[in-house]
Amino acid sequence: MSPIRCLAMVLVVLGLAGCGKGDDVSDLDAYMNEVRLRPPGKIEPTPTFRSYPTFTYSAANLRSPFSRQVRVDLAGQKHGSRNVKPDPARAKQYLEGFNIEQFEMVGTISNATGSFALLRGAGGVHRLKVGDYLGRNDGRIVAISGSQVDVIEIVPDGQGAWLERPRTIPLKEHS
């Protein structure tokens, strides 16, 4: 038998000898006997939970406090027209469910059918043409160039009429 093997066997025997049951478990036995002699306890009933009134967040359609404020010049304010108004019968397009501020132009593409703008926002890059809608204010794309997308939104003027508000989404460089 090799000396390394003998040394390994001695270490294993010594290790197993340390795992033996010690004689000083009297404190554990005393605690277990005490627990066994206790009368069975009562289980407390589960607490009753009161329902709280629900809260409905109603400021979702307001202007974001982080976007630039629109200056209101009452003397030079344009008055809306009763002829301009959103079409309630028109089927809404997917991108009309998102704020127009989150879109950025990342490029254009052209083919035989026409020119398209590539806008990033709403979880991806979208190909849009003149006449498509985006944004919550009935924004319709009216022009696409290599450097910007021109959109006309229909917004209330605060006096029961509607205004056409032009917006521009500029090309984002290095995107």
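Numbers here simply count residues along the sequence, with the first being 1.
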Determine, using the 4.5 Å side-chain heavy-atom cutoff (strictly less than), whether Ile4 and Val12 are members of one ILVMFWY cluster.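 Unlinked, Ile4 and Val12 end up in two clusters.
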Would you say Leu134 ends up clustered with Val142 if hydrophobic residues are merged whenever their side chains have heavy atoms under 4.5 Å apart, either directly or through other cluster members? no
Going by the rule salt bridge (charged side-chain N to carboxylate O under 4.0 Å, His left out), which residues pair with Asp132 if we only count those two or more places apart in sequence or in a different chain?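 By the salt bridge (charged side-chain N to carboxylate O under 4.0 Å, His left out) rule, Asp132 matches Lys129.
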I need the full list of salt bridge (Lys or Arg N to Asp or Glu O under 4.0 Å) pairs touching residues 44-59, with sequence neighbours left out, sorted by first then second residue. none
Rounded to the nearest 0.5 Å, what's the gap from [atom1] on [X] to [atom2] on [Y]? Could you check?
| X | Y | atom1 | atom2 | value |
| --- | --- | --- | --- | --- |
| Glu96 | Arg90 | CD | CZ | 4.0 Å |
| Ser145 | Asp150 | OG | CG | 6.5 Å |
| Ser115 | Leu128 | OG | CG | 11.5 Å |
| Ile169 | Arg167 | CD1 | CZ | 8.0 Å |

Min side-chain heavy-atom separation [X]-[Y] under 4.5 Å:
| X | Y | result |
| --- | --- | --- |
| Ile154 | Leu163 | no |
| Ile100 | Val151 | yes |
| Ser110 | Phe116 | no |
| Val149 | Thr168 | no |
| Leu119 | Val106 | no |
| Leu118 | Arg127 | yes |

In terms of heavy-atom contacts, does CG of Leu11 have more than 12 from other residues, nucleotides or ligands at under 6.0 Å? yes
Hey, what's the ring geometry for His126 with Tyr94, parallel, tilted or perpendicular (30° and 60° as the breaks)? tilted
Whether [X] side chain and [Y] backbone form a donor-acceptor pair below 3.5 Å:
| X | Y | answer |
| --- | --- | --- |
| Asn137 | Gly139 | no |
| Arg120 | Met105 | no |
| Asn99 | Glu101 | no |

Taking the cut-offs as 6.0 angstrom to the six-membered ring centre and 45 degrees off its axis, would you call Arg36 and Tyr31 a cation-pi pair?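 That pair does not qualify as a cation-pi contact.
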Leu95 to Tyr133 - nearest heavy-atom pair and separation: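 It is CB-O, 4.1 Å.
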Return the minimal non-hydrogen interatomic distance between Lys92 and Asp138, and the atom names on each side.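 Nearest heavy atoms, Lys92 then Asp138: NZ-OD1, 3.1 Å.
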Output all residues satisfying side-chain hydrogen bond (donor to acceptor under 3.5 Å, both in side chains) with Asp29, sequence neighbours left out; order by chain, then residue number.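 For Asp29 there are no side-chain hydrogen bond (donor to acceptor under 3.5 Å, both in side chains) partners, ignoring immediate neighbours.
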Can you check side chain to side chain contact (heavy atoms under 4.5 Å, CB included) on Ile152 and Arg165, steps first, answer last? CA-CA 6 Å; Ile152 298 287; Arg165 177 176 62 188; over 6 Å; no
